[in-house]
Protein chains: 6
Amino acid sequence: MKILLVNPNTTATMTETAADAARRVAAVGTEIVPATSSMGPVSIEGYYDEAFAVPGLLMEIAKGEKAGADAAIIACFDDTGLDAARALANIPVIGICEAALASVSFIAQRITIVTTMERSRLPLEHLVHRYGMSGRVKVRAADIPVLSLEDPQSNARDRLRNEIATALREDKAEAIVLGCAGMADLTRTLAEEFDVPVVDGVAAAVKQAEGLISLGLTTTKRGAYATPISKPYLGLLQGFEPKTLKAG
Amino acid sequence: MKILLVNPNTTATMTETAADAARRVAAVGTEIVPATSSMGPVSIEGYYDEAFAVPGLLMEIAKGEKAGADAAIIACFDDTGLDAARALANIPVIGICEAALASVSFIAQRITIVTTMERSRLPLEHLVHRYGMSGRVKVRAADIPVLSLEDPQSNARDRLRNEIATALREDKAEAIVLGCAGMADLTRTLAEEFDVPVVDGVAAAVKQAEGLISLGLTTTKRGAYATPISKPYLGLLQGFEPKTLKAG
Amino acid sequence: MKILLVNPNTTATMTETAADAARRVAAVGTEIVPATSSMGPVSIEGYYDEAFAVPGLLMEIAKGEKAGADAAIIACFDDTGLDAARALANIPVIGICEAALASVSFIAQRITIVTTMERSRLPLEHLVHRYGMSGRVKVRAADIPVLSLEDPQSNARDRLRNEIATALREDKAEAIVLGCAGMADLTRTLAEEFDVPVVDGVAAAVKQAEGLISLGLTTTKRGAYATPISKPYLGLLQGFEPKTLKAG
Amino acid sequence: MKILLVNPNTTATMTETAADAARRVAAVGTEIVPATSSMGPVSIEGYYDEAFAVPGLLMEIAKGEKAGADAAIIACFDDTGLDAARALANIPVIGICEAALASVSFIAQRITIVTTMERSRLPLEHLVHRYGMSGRVKVRAADIPVLSLEDPQSNARDRLRNEIATALREDKAEAIVLGCAGMADLTRTLAEEFDVPVVDGVAAAVKQAEGLISLGLTTTKRGAYATPISKPYLGLLQGFEPKTLKAG
Amino acid sequence: MKILLVNPNTTATMTETAADAARRVAAVGTEIVPATSSMGPVSIEGYYDEAFAVPGLLMEIAKGEKAGADAAIIACFDDTGLDAARALANIPVIGICEAALASVSFIAQRITIVTTMERSRLPLEHLVHRYGMSGRVKVRAADIPVLSLEDPQSNARDRLRNEIATALREDKAEAIVLGCAGMADLTRTLAEEFDVPVVDGVAAAVKQAEGLISLGLTTTKRGAYATPISKPYLGLLQGFEPKTLKAG
Amino acid sequence: MKILLVNPNTTATMTETAADAARRVAAVGTEIVPATSSMGPVSIEGYYDEAFAVPGLLMEIAKGEKAGADAAIIACFDDTGLDAARALANIPVIGICEAALASVSFIAQRITIVTTMERSRLPLEHLVHRYGMSGRVKVRAADIPVLSLEDPQSNARDRLRNEIATALREDKAEAIVLGCAGMADLTRTLAEEFDVPVVDGVAAAVKQAEGLISLGLTTTKRGAYATPISKPYLGLLQGFEPKTLKAG
């Protein structure tokens, strides 16, 4: 199995952190194929960055599918461009927020997501609502910039720990979901430290992807995920239209 | 008052239809400033087209705000890129779907939106849910391509009429919302023909925009609409980052 | 355009405060026609007062429509008698709570309403729920009697300020809605003081009314807003039945 | 026990039908005290009639409580004036729609209410939503005027039967609720004819009233049901303010 | 009337507490027939205990119905086995949580349930959701083992009082529901002490049972409550199948 | 990895069908350990059968965990006894309905479950609601007894096909979920025949189980899934209490 792991943030080191997390849990025989988007912001923090990250992300998904990927993972916790990617692709496409929530739903009832910045909190609450888990899931922001997670000098990890402690005490959280692909390497440490299940979205998405491939399930082409209609594109994005992407 | 009317479809004739609808209802002293996105698909039909339409749309909103617009309208019924545009802009940004629903909510309880294609139906149902009106609003697709609305030879208008008749009979709709900017010129005709209030989103958005400007209200800069953080952009989209867009 | 502004509280000074707020935002060419109900309690604080305010309110709406009003505003934040007024009238009828929520929904996601008394909080929460905004809107009571807002000696305004400060801090409110027609004159002051959008329902309702009139939209006469059936009325309310009201 | 049964329709024959239904199920030792409102429309069909029925209803509840009633029932299926009545009274006040739904919820999961006119359907759907039963309850209108139920020449009863048959077949209803106080005498006949539980709101309300009295439970005076504040009333309704009503 | 009161906890003293509470409110002519399940855990604290309590409970309901009971009450606040019991029985079956919520809904809008242990809180929140009252009802755990309520040495009652005080202050609760059959004897004392309506589920269930019997309503046999199909049972539970239970 | 597959129906041939479906999708290195409950009904059709199936199911889960299983699957589509099993076990426990819904949610938005009998439809609708997917998932019953699926003479498979065709046409279903463990062998045939993704819960559960094991996630022991308190059990079920089950 080949699983494409697209980082819609255009920062290659972040892709490596996610790819490491993916490889740690991948089954024997699963190849993780990492890809960093070549177009858009270096980090995705809120609605605006997300909007500009989508075209580059879709280009990587189209390339990856043509190159033989069996499933694709979008390695950003706001599930950037998920619906558009599903319309584009025949292979399954998996967001890491939805994968984390799907997996954690089997082992706990009350869950807290700890994410990076306050401006990402509302978009995540909308995702939680969309995935039907508003009654079970709270979202907390540790107030840390995304890229600071890679900086050993920052106090980002301390803030993350504080927020987890608060979630256990005040939300009576029964499990924690890490709300950023850049936190993946902390999963096991935090689980042991707080004696609570901790779920990383990248790892969860790898297992969901392997599962769907194994079940022979692909994205439906009925309804809103029907293959996009071929049509002209103008401006910088000329040449992006699906026919080109898929045939090229 | 200057109201920017951005068409995220890159088809200029469609912009003119919308601008005409806007000017018909604009107050004395309101200037409608139409803009056609120069980047992306010629028509937006579903999630995939929408994703590629957003960067060009945001560029027009940034340019329009710099040029002195007091409010911006996104003239596509799936409220393309609305949240990103609000994070970018200080002026109010209004989607035509949300404007139509806000206006119609004062005059009727049960409403049916008649849109173009089946693949647009689910995205609109998600908008209706987001705007808190799932209990009151149904969405029907007349199965007509967006651009066929401009083609006098097509049977698009007949199909639209059939779907409205069905909505009145089966949904017991008390008002009709036209679910595509390209239907704006039919509003009055259909209202008279079916003896029911018919709402066009472009016209509704103009009145909401005038209202907000007159009230001195601008987009909050707290929470998820906080001004985007300045950061590097890579690839074709290099040069799009907000500082450039706003200072440029 | 003539916009009827009915105060269902039978206190004329309160009508003047609301009419001033209305005139400040009215477009050139809009005439605000204030009316004070002549029947019922001097102030509306909770369900009981509201019930007795409705007949007098409806009488003013019937008179105003006959006198040529193009739209009517009910100037009490619990949207007193809104559905009955819509069944009675052909012109659009607008509640100031629903108008404030419709307008603020374009500029912020998380909103707090600050109202007067605890006993008004639950009725407002029901309105918020009805208008589909439970997920976005909190209601706080500053514990101040309605009429104290007109008394310069009272500490009502300090309490209002305290509650707004709490809303920004604890609710992470991105915008504030003033939950009483009697607070209208404070809108701009509070917006500057707290650097947050502040919305007054009377002003918002004027713009919604102008918008609907300009769009040529009137109350649907299908469904629950169908014209009431003419029938005998007994007791003190004899002579109130709709035929009389509308023909007289 | 004395249970006040107030008919907010000002038609005394309808009160008798309801009182008969009440007496048929009342326990030994329960006295049913019927009262017909002396002010307002002869029948309540929709929001407008409802609004004018409330003051007369509240007057009867105040009089009844003073005269020693232990609980009050509002004998109109749209639960007219329920919240205002609860603020006014210390004794429990019961709506016949809420009573019917509370009782039927113990014996069936999917329920259909069959009411009179289409214009009453939306108000009932709002009640169902308020009572938390939207997922279980459908509302159907048999398209019969309220007063026609008392006319042996009308085909009202046939229409009612047709609508019940449709509810069983299409809604897979497991129990039927009669959505009008005037249908009470048909309960047993219809239950036998269709072999399905049929619930009449008046009878259900009598049992809920007896239950609350026996449990020693009275309306809370905290929150929105706190005793109304004494204040001046103007116009025809002068003299209605609660102090007068309760002390007089 | 004969009302069967089944305690699914296999502790007879707890049955007596509940039967006393039932008899205190039973009407003249109502016979309370207590039964203690002879199979399963001595107390029900959470999902696991609940699962093992159901077969014994169903056996008592089958025996009771055959012996002539007119209605059955399940005297455990998590409404153990309610749906299965309704499928089995023709007589009405009433859970004490649903009965308490149905009764309290007539006298207050905001309600807090105070239950025993944290592990019972989530199951009760699920019941509240199922009964459509999530928007009105909070659940608090006083952190007391079920059987400690019978131990005069324990501080269980103090903890219960503390939690009620917190509910009134923080939840602005307008009424309190006691979330355990073993608290029934405290109802009146607590109501007086805190000057707030306090509802005990056992007492409420008795009145709901009397009401349904008096209305001639029995469990629907359509849909999911249809009589179970007769089929072989294996293992220890051999002989439990419904035909045996009902004919035996 | 060892995955325990417990059939709570006491019919061994049904266990074999499910085990075959499980083995077809199991990863290399995954051992499927089937177990048939030895106590309870031969097939589970509705609430009543479900209640009697739980103790035997829990016994198998306790035995399986002690024998070294890494995860457990409950192979009945109504997710029988799921919460109790999670409180009992430390290993992850997976229901086949929730697994099917979790997996299908990645590839389609509108889904229809086709189950066996009408009496199972409401319990499944409750599960769908609990899993947060009411807005996306419909449930249809093909009106076929569970055991008829194993009978080549019955017309069960034709009825299943008819119901799938209706779901595609009327519900606009984008994917189909088979709502009974006994349908597992039909998955691929139906997917090809109708050209739509078809999901079998047993297969989906195997992949979810493998995923959770690989991620090192086990059932939380906080909140309602805390380990049951050891306590005496009476009657036939004596000896079932968790200490015995887990230590034995």
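Keep in mind that what you see is a predicted model, and the values were worked out from it rather than measured. To find a chain, count down the sequence lines: A is the first, B the second, and so on, and within it residues start at 1.
- Neither the backbone nor the side chain of Ser134(E) has a heavy atom closer than 4.5 Å to any heavy atom of chain D.
- In this structure, a donor-acceptor pair under 3.5 Å is absent between the side chains of Glu174(D) and Tyr225(E).
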Check against side chain to side chain contact (heavy atoms under 4.5 Å, CB included), Val199(E) and Leu217(D): CA-CA 8 Å; Val199(E) 180; Leu217(D) 292 172; 3.7 Å; yes

Candidate pair Thr220(D) and Ile107(E), rule side chain to side chain contact (heavy atoms under 4.5 Å, CB included), full reasoning: CA-CA 6 Å; Thr220(D) 190; Ile107(E) 57 161; 5.6 Å; no

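- With a threshold of 4.5 angstrom between heavy atoms, Ser105(D) approaches chain E through N, CA, C or O but not through any side-chain atom.
- Contact of Val93(E) with chain D is made through the backbone alone, with heavy-atom distances under 4.5 Å.
- In this structure, the portions of Ala203(D) lying under 4.5 Å from any heavy atom of chain E include both its backbone and its side chain.
- The candidate from Lys172(D), Arg24(D), Met133(D), Glu98(D) with the greatest count of non-hydrogen atom pairs under 4.5 Å with chain E is Glu98(D).
- Of all heavy-atom pairs spanning Asp83(E) and Gln109(D), the tightest one is OD1-NE2, 3.6 Å.
- At a 4.5 Å heavy-atom cutoff, Ala191(E) makes no contact with chain D through either its backbone or its side chain.
- Counting all heavy atoms, side chain and backbone alike, Phe106(D) lies closest to Gln208(E) at CE1-OE1, 3.5 Å.
- Asp200(D) does not touch chain E: none of its heavy atoms, backbone or side chain, sits under 4.5 Å away.
- Under a 3.5 Å cut-off, the side chain of Arg188(D) and the backbone N or O of Gly216(E) do not form any donor-acceptor pair.
- Of all the heavy atoms in Ser214(E) and Lys207(D), the pair that sits closest is OG-NZ, 3.0 Å.
- Contact of Val198(E) with chain D is made through the backbone alone, with heavy-atom distances under 4.5 Å.
- Residues Val25(E) and Leu215(D) share a closest heavy-atom pair of CG1-CD2, 3.8 Å.
- Counting heavy-atom pairs under 4.5 Å between each of Val206(D), Leu168(D), Val104(D) and chain E puts Leu168(D) at the top.
- Ranked by heavy-atom pairs shorter than 4.5 Å toward chain D, the options Pro92(E), Ala26(E), Ala108(E) are led by Ala108(E).
- Between Leu212(E) and Ser103(D) there is a side-chain heavy-atom pair separated by less than 4.5 Å.
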